[in-house]
Amino acid sequence: KIEVDDTIAQLDPEQVLLGCYQAGEPAFCGQVQRAPSGAITEIRALQTNTGSVLTDGFDAGINYVLTTDRFGQFAFDWQTTYLRNYKETVTHFGNSGSEPIVTRRAGQEFGRLAGFPRFRSNFDVDWAFGNWSVDWLVRYISDMSEQCSDRYDGTSLSLTNLDLCAYPNFADNHLSRNKLGAATYHDVRASYNFAAANTTVSFGVRNLFDKQPPVSMTAGSSFETTIYPIPGRFPYVSVESRF
């Protein structure tokens, strides 16, 4: 459980203006520059301590090693994180003064602010026998939901009316939601150790089954780059020498 007070965030220009002229905060008025005519020439939307974050969850891990005479050594490692809660509070300035705006992010995707899947799990199986070793890693990311609306809401070109939302709301397009399905990735690597030369040669494939990331309507590049790997199968060869 982690709680952070006075978190740093960047307010948009509208919030700076409301903080000055509605809430009367001198700190915000100092960020608004005017010409002699009274026209606004600059609004400095600086970063400020404006809210708090409260998050809690659980981490679980299991590690087991099995050694045999005939088949070598097997190592199993399972690590899982469960995000129970992620609550972000930001001070908002409006016509009635300042008020806290609470956003619950657990299980949600927020585009440029990144996604917050509830479950993330890695299961790794490693086999070693003589100079050979093989590693298989399974990565799991649970599903998330996101807002599915844009500036075309209410028209035939909205995401809702183009049938791009998993949970459309045709009466109010702004309330439509999209689902990013759970994703599982498989990475495999085989290695051979040339003991006399202190060198290990490995061949591997990341994203073995060419799993595509779920399409996001809020991320800037059609998928969440901070959570999912770059699309496509990625084979590689590596050589490691120790001296």
Side-chain angles (χ1 to χ4, degrees), residues 1-2 55-66 71-88 103-129 132-148 159 163-168 176-192 200-238 240:
K1 181 178 181 180
I2 301 173
T55 180
D56 63 87
F58 302 91
D59 293 328
I62 297 176
N63 185 282
Y64 181 76
V65 177
L66 174 65
F71 303 105
Q73 178 177 279
F74 298 86
F76 305 89
D77 184 70
W78 173 70
Q79 302 292 330
T80 290
T81 295
Y82 170 64
L83 179 64
R84 178 177 174 270
N85 181 44
Y86 193 105
K87 183 175 71 173
E88 183 179 84
T103 304
R104 299 186 181 276
R105 300 194 182 279
Q108 307 290 319
E109 165 63 39
F110 288 88
R112 65 181 181 86
L113 298 177
F116 298 80
R118 287 193 178 275
F119 280 99
R120 299 186 70 170
S121 185
N122 290 342
F123 181 66
D124 185 66
V125 179
D126 183 80
W127 169 75
F129 187 75
W132 285 97
S133 65
V134 176
D135 182 79
W136 191 295
L137 174 64
V138 181
R139 295 174 289 157
Y140 172 79
I141 304 167
S142 65
D143 63 284
M144 294 183 288
S145 68
E146 64 178 356
Q147 188 177 24
C148 193
L159 297 175
D163 198 27
L164 297 175
C165 303
Y167 306 107
S176 296
R177 303 288 296 176
N178 187 47
K179 180 180 179 180
L180 283 68
T184 302
Y185 296 90
H186 296 260
D187 303 332
V188 63
R189 182 185 69 227
S191 303
Y192 185 84
T200 301
V201 178
S202 302
F203 171 76
V205 181
R206 297 192 185 103
N207 194 9
L208 179 64
F209 299 114
D210 197 19
K211 173 68 176 180
Q212 299 299 306
V215 175
S216 171
M217 298 301 167
T218 59
S221 58
S222 79
F223 75 99
E224 175 53 77
T225 57
T226 66
I227 299 293
Y228 307 100
I230 296 174
R233 185 183 294 110
F234 182 77
Y236 65 92
V237 176
S238 67
E240 178 185 3

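The aromatic rings of Tyr82 and Phe119 sit tilted relative to each other, their planes meeting at an angle between 30° and 60°. Classified by interplanar angle (parallel below 30°, tilted 30° to 60°, perpendicular above 60°), the ring pair His186/Trp136 is perpendicular.
Taking both residues in full, the closest heavy atoms of Ile227 and Pro117 are given as CD1-CD, 4.1 Å, listed atom of the first, atom of the second, then distance. Across all their heavy atoms, Lys179 and Tyr167 have their closest contact at CD-OH, 3.6 Å. Closest non-hydrogen pair, Tyr185 versus Ile141, comes out as CE1-CD1, 4.4 Å. Between Phe209 and Arg233 the shortest heavy-atom distance is C-NH2, 4.0 Å. The two atoms that bring Asn85 and Arg104 nearest to each other are OD1-NH1, 3.6 Å, heavy atoms only. In terms of heavy-atom proximity, Ser121 sits nearest to Thr80 at OG-OG1, 2.6 Å.
Aromatic ring centres of Tyr228 and Phe223 lie farther apart than the 6.0 Å criterion allows.
By the 4.5 Å heavy-atom criterion applied to side chains, Met144 and Gln108 are not counted as neighbours. Considering only heavy atoms from C-beta on, Leu159 stays 4.5 Å or farther from Ser176 through its side chain. Side-chain atoms of Pro168 and Cys148, non-hydrogen and from C-beta on, never get closer than 4.5 Å to each other. With contacts defined as side-chain heavy-atom distances shorter than 4.5 Å, the pair Thr55/Phe116 does not qualify. Put simply, the side chain of Val65 reaches to within 4.5 Å of the side chain of Gln73, judged on heavy atoms.
With values rounded to the nearest 0.5 angstrom, Trp78 atom CH2 is found 11.0 Å from Asn122 atom CG. Distance check, rounded to the nearest 0.5 Å: CG of Leu180 to CD of Glu224 gives 8.5 Å. Rounded to the nearest 0.5 angstrom, Arg120 CZ and Gln79 CD are separated by 13.5 Å. Here the CG-CG distance, from Leu137 to Asp124, works out to 5.0 Å after rounding to the nearest 0.5 Å.
Remark: the backbone N or O of Tyr192 is not paired with any side-chain donor or acceptor of Thr200 at under 3.5 angstrom. Counting only distance, with no hydrogens or angles, the side chain of Arg118 and the backbone of Leu83 share a donor-acceptor pair below 3.5 Å. A donor-acceptor pair under 3.5 Å is formed between the side chain of Trp127 and the backbone N or O of Phe71. Side-chain atoms of Arg189 do not come within 3.5 Å of backbone N or O of Phe203 as any donor-acceptor pair. The closest donor-acceptor contact from the side chain of Asp187 to the backbone of Asn207 lies under 3.5 Å.
In the model, Ser145 has no side-chain atom that pairs as donor or acceptor with a side-chain atom of Glu109 under 3.5 Å. Looking only at atom types and distance, the side chain of Asn178 has a donor-acceptor partner in the side chain of Glu146 under 3.5 Å away.
Residue Asn63 qualifies as enclosed at atom CG: its count of foreign heavy atoms under 6.0 Å is above 12.
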